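First up is the structure itself, then whatever we jot down about it.
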Amino acid sequence: MRSCSELSFEFRQYRRPFRRVLKTKHGTWTCREGIVLKLSDAAGRVGFGEIAPLPWFGTETQAQALTFCQRLPAVLSADNIFSILPTLPTCKFGFEVAFNNLAERPHSPDLETAHCCALLPAGPAALSSWSALWAMGHRTFKWKIGVAPVSTELAWLSQLMAQLPLGAKLRLDANGGLNELAAHHWLEQCDRLGHRIEFIEQPLPPSRFEDVIKLDYRYKSAIALDESVTTLDQLKAHYFRGWRGIYVVKAAILGSPSRLLQFCQDYPIDVVISSVFETDIGRQALLDLAADLKKLLPQAPQRVLGMGTQQWLPNDGLDDPDWEALWQRLS
Ligand SMILES: [Mg+2]
């Protein structure tokens with residue numbers, strides 16, 4: 001018979017083609033691949049977790065995560081789970097979430113649509129896409145920039161701002177793809193638009209952190225770091241190098257959620273929790289983390305979550321809140 005501390009472990013892969021190809025500075029993305037984890041203990045409790053790699057953000061690949069899962073024994077201990085190396089951040093996240101879910105604590109309720117930022121398609125397609133999302137209740141929109149010449153994109157931005165109702169907020173995400181001159185053009189324009197632009201995300205590549213600091217001093221508009229802070233170690237390093245702007249936290253690729261909470265308790269930061277296109281399991285983990293952060297950082301700005309991504313994914317049952325049913329679909 002198994003002892004109480006022994007956990008039986010199973011995993012299943014998933015593959016979800018996007019409804020439309022996602023264009024970013026890192027290239028086109030056609031399909032979200034990941035792994036669902038299932039832990040069961042001797043008391044019959046079950047905990048699901050999810051591994052959702054994003055290798056162009058520096059995480060392990062799907063193949064590496066799969067190899068890691070295949071090499072694990074079918075029976076694990078908590079030690080196995082909490083000793084996963086930081087070089088496998090999405091595995092670290094997935095296993096910790098599965099372990100925490102064994103405790104069967106009540107989950108946070110799903111977000112109201114208005115508390116969820118909707119991703120617009122890049123380029124001029126944004127102009128014909130925001131209104132359906134607005135009708136669904138979204139009030140914050142994210143638009144990828146740095147995919148066309150700056151003068152062209154600034155013209156699209158003017159059209160978009162002329163169309164968007166005054167209650168709408170826009171996040172601009174450059175994915176590190178601007179040069180310094182373009183970043184100045186964008187930030188000047190953001191300063192003119194004032195509070196209608198919530199922030200500009202990762203204007204310059206991670207290697208140009210000192211220049212981002214200078215931009216942050218020079219302009220009123222807020223700047224968020226994303227690619228610069230994909231792991232918890234990077235997040236800490238940027239905090240200690242003086243970053244007091246916004247941190248986009250893609251929790252599913254950052255590593256251990258409990259260590260993130262610990263850091264935020266010691267060093268309150270301004271956080272936007274953001275999705276990397278998880279199934280309902282990863283999505284719920286992000287909602288729970290956001291609720292924990294809200295309790296921990298009551299003074300911090302309560303930013304809309306970067307989770308309006310479901311309309312990009314197929315209706316394949318992997319957004320089902322019944323995780324046993326979700327698991328069965330993967331068999
Ligand atoms: Mg981003």
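Atoms within each ligand, like the ligands themselves, are counted from 1 in listed order. We're numbering straight along the sequence, starting at 1. Just so you know, these numbers come straight off a predicted model, no measurement behind them.
- Ring geometry for Trp327 versus Phe48: interplanar angle of 30 to 60°, hence tilted.
- Ring geometry for Phe95 against Phe9 counts as tilted: the plane angle lies between 30° and 60°, on a 0 to 90° scale.
- For Asp226, the N, O or S atom closest to the Mg ion (ligand 1) goes by the atom name OD2.
- A donor atom on one side chain and an acceptor atom on the other are not found under 3.5 Å apart for Gln262 and Arg259.
- Taking the Mg ion (ligand 1) as reference, Glu201 places its N/O/S atom OE2 nearest.
- Per residue Asp173, closest N, O or S atom to the Mg ion (ligand 1): atom name OD2.
- Applying side-chain hydrogen bond (donor to acceptor under 3.5 Å, both in side chains) to Ser228 and the options Arg241, Gln234, Gln202, Arg208 leaves one that passes, Gln202.
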